[in-house]
A.B. asks: 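What follows is a structure written as structure tokens; I'll ask about it next.
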Amino acid sequence: MKMPENKLQKSDNENVFKYLVDEFADLKIMRYRIPEWDTLSLRQKEYIHCLAEAAKFGRDIIYDQNFKYNLVVRKTIEAILNTYSGERKCADFESFVIYAKRVFFSNGIHHHYGEGKFVPEISQDYFVELLENSDISHVIGDKTAEEFSEFLIPIIFDKGIYSMRRSSGQGTDNVKASAVNFYENVSQAEAEAYYARFYAADDDKPLSHGLNSRLVKKDGQVSEEVFRMEGLYGKAIEKIVSWLEKANAVAENDTQRHYTDLLIKYYRTGDLRVWDEYNVAWVGDSQSVVDFVNGFIETYTDPLGIKATWEAVVDFRDMEATRRTNIISENAQWFEDNSPVDGRFKKREVKGVTAKGIIVASLGGDCFPTPPIGINLPNADWIRKEYGSKSVTITNLIDAYNKAAEESPKSALKEFAYSQEEIDLCKKYGNLTDVIHTDLHECLGHGSGQLLPTTSPNALREYASALEEARADLFGLYYIADKKLVELGILPDETAYKAEYSSFVRNGLMTQLARVELGDKVTESHMQDRKLIAEWCLEKGAADNVIERKCENGKTYFVVNDYVKLRNLFGRLLAEIQRIKSEGDYEAGKRLIETYAVNIDQDLHKEVKERYNSLNIKPYGGFINPEIVPVERDGAIVDYRVEYPDDFLLQHLHYGKKYSTL
């Protein structure tokens, strides 16, 4: 399968637009629209185009961060798909294509959510045949073809090596057990000791040490390789900077130009002080229509929760959705004051909480092809406390998920909800309450609370991400049931919240298990967060039968019997997790995660997998990016139009040709 240079298949007909365009393995591929594109000015469209190009040039970085041999695997796959001269219309080649798409989907050879290594469903002999009949000369370097095969085959086929992208096992050196490419020849103890020396209890503006580097040990010495233009990932960063500079030339205002200049300076120097300056300036911009996220930001993939993967999001304001989020953020102090947490851990003055609904125009790095539906940044607690945070709900992605679900002939809701009453409740309110919970999670949850002055920002280490997501989820769950939301006109009545409670419990206890392989544990932070909350509430509410486990016709259901008491349980757990974060109580955080968030009832797991498989619904979803294409007339660009490719494989082969730098 060879794609013509710089040509993508597309389907632009408004009347036949399909959201769900491909399915394979446990994955579904969707497209998302960019509504309101024509309301933007030519300058804004050009600005978005430049930022989107910057986003795509980070693609090689995320592959390499996820695993040190991901790039050689991906480039080999691309070479086979582009040049293989053998028979393509056969079962083996089709199986290879599925493996290729899985690698593109996960930005590497480990499952994007489950973290485990997946292998192609072909023989090693057939893979050698693929190599022998393809032009891989640009991939093998100074190796012979035979040496290259001997090197690559175990990496791809042997599940016993590099088996987990991120390990989180107890009693394990999780740094050495993780395939993620943040550490080299370094143990967990050495890494923790290296970074512990940077944190002082009295530092009120701590840098995010280690955020943008790889920790290595050479000749017995531990040191950092910093991600910057003259350092690690320099060639990719140079391209990112080039497009950021082009974007700055057509920015909406001087505020955007100022913080983009700081981001460019950070990319040139790798200086984390400049990164903080950038975040302070960026979070202060609440007026611009177009916005973007670009950098080494989230630490979910690092087993120690220190080092960040590269990501990018390019977006512009959704005016109607922003009206709702503005109401929430304008009342942020009320929510903080009335939170069920200890007063010592509340912010006396909530500063700079800005919230908006956004329309995404392009995704990159760790946000592509599997993006979040809500974002709250920056992550540094001291910046949140002094300058506030930006919270967004990504409306066009949520809409795409919902529209794609409508295109599917079968429903997980009907299969796993206990009663018709529960189904009707979720159909009536579910989409709305899901969006509102996301708003509360991002707009208020992540920005709530404060650390005690004596608490290190890295005190919770490998458990920090899951506990933080649980804290934000609990904040949203507690307040979505508050009559304040009805008074503010955000929810239509005081029963709507029950749809979110039922869905959250059902997902946390049962349906999300469809995403985990039988015999595995829950490792992904957001899944651990949901399981922790649901399992803890099931146990603590047992005496009052708050959540009841029922079995009918051989099928298990979890039913909420008392929504008021469930809200009280959410409040209790929120108070405890806020205490854990504020005090840096590592042992208490560890107990919560290891007790409630990791282990799976194997009988229930098997049942869920069987029921989910019978529906033929893929549990994971990702996207194809729209293409923003210049429109020329008489040698001048007069507009930018949006095209919607519908072939996932072709888009990634196109990206491999145009945006590969490392």
A.B. asks: How about Asn294 and Tyr267: does a side-chain donor come under 3.5 Å of a side-chain acceptor?
C.D. replies: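 Present: a donor and an acceptor within the cut-off.
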A.B. asks: Establish, yes or no, whether a centroid distance under 6.0 Å links the rings of His111 and Tyr620.
C.D. replies: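 They qualify: ring centres under 6.0 Å apart.
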A.B. asks: Are Arg257 and Glu245 within salt-bridge range, i.e. N to O under 4.0 Å?
C.D. replies: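 Answer for the salt bridge query: no.
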A.B. asks: For side-chain hydrogen bond (donor to acceptor under 3.5 Å, both in side chains), just list the numbers for Tyr195 and Glu224, CA-CA rounded to whole Å, side-chain angles, deciding distance to a tenth of an Å, and then say yes or no.
C.D. replies: CA-CA 11 Å; Tyr195 289 109; Glu224 289 184 316; 2.5 Å; yes
A.B. asks: Between Asp302 and Thr299, is there a side-chain donor-acceptor contact under 3.5 Å, judged purely by atom types and distance?
C.D. replies: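 No, no side-chain donor-acceptor pair sits under 3.5 Å.
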A.B. asks: Taking the six-membered ring for Trp and the full ring for Phe, Tyr or His, determine whether the centres of Tyr401 and Phe623 are under 6.0 Å apart.
C.D. replies: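 Yes - the distance between ring centres of Tyr401 and Phe623 falls below the 6.0 Å cut-off.
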A.B. asks: When you check the side-chain N and O atoms of Tyr300 and Glu469, is any donor under 3.5 Å from an acceptor?
C.D. replies: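 Note: Tyr300 and Glu469 side chains meet the donor-acceptor criterion.
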A.B. asks: Could you verify whether a donor N or O on one side chain and an acceptor N or O on the other, from Arg384 and Asn376, lie under 3.5 Å apart?
C.D. replies: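 A donor-acceptor contact under 3.5 Å links the two side chains.
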A.B. asks: Step by step, would you call Leu207 with Arg273 a side chain to side chain contact (heavy atoms under 4.5 Å, CB included)?
C.D. replies: CA-CA 7 Å; Leu207 296 177; Arg273 293 177 181 81; 3.8 Å; yes
A.B. asks: Side-chain contact test, heavy atoms from C-beta onward, threshold under 4.5 Å: evaluate it for Glu298 versus Asn379 and give yes or no.
C.D. replies: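 Result yes, sub-4.5 Å side-chain heavy-atom pair found.
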A.B. asks: Is the NZ or CZ atom of Arg572 positioned over Phe570's six-membered ring, under 6.0 angstrom from the centre and within 45° of the axis?
C.D. replies: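 Because its charged atom misses either the 6.0 Å distance or the 45° angle limit, Arg572 does not stack over Phe570.
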A.B. asks: Taking the six-membered ring for Trp, is the centroid-to-centroid distance between Tyr162 and Phe67 below 6.0 Å?
C.D. replies: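 So the answer is yes for these two rings.
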A.B. asks: Output yes when Lys356 and Asp291 qualify as a salt bridge under the 4.0 Å nitrogen-oxygen rule, no when they do not.
C.D. replies: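 Here Lys356 pairs with Asp291 in a salt bridge, since their nearest N and O are under 4.0 Å apart.
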A.B. asks: Tell me the side chain to side chain donor-acceptor pair (under 3.5 Å) pairs involving residues 360-375, sequence neighbours left out?
C.D. replies: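 Residue pairs passing side chain to side chain donor-acceptor pair (under 3.5 Å), neighbours aside: Thr309-Asp366.
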A.B. asks: Is the NZ or CZ atom of Lys246 both under 6.0 Å from the centre of the six-membered ring of Trp243 and within 45° of that ring's axis?
C.D. replies: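 Flagged: Lys246 positioned over aromatic ring of Trp243.
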A.B. asks: Identify, with sequence neighbours excluded, every residue that meets salt bridge (charged side-chain N to carboxylate O under 4.0 Å, His left out) alongside Asp173.
C.D. replies: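 Counting only residues at least two positions away or on another chain, Asp173 forms no salt bridge (charged side-chain N to carboxylate O under 4.0 Å, His left out).
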A.B. asks: Please list, chain by chain and in numerical order, all residues satisfying salt bridge (charged side-chain N to carboxylate O under 4.0 Å, His left out) with Arg214, sequence neighbours excluded.
C.D. replies: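 Per chain and number, Arg214 pairs via salt bridge (charged side-chain N to carboxylate O under 4.0 Å, His left out) with Glu184, Glu225.
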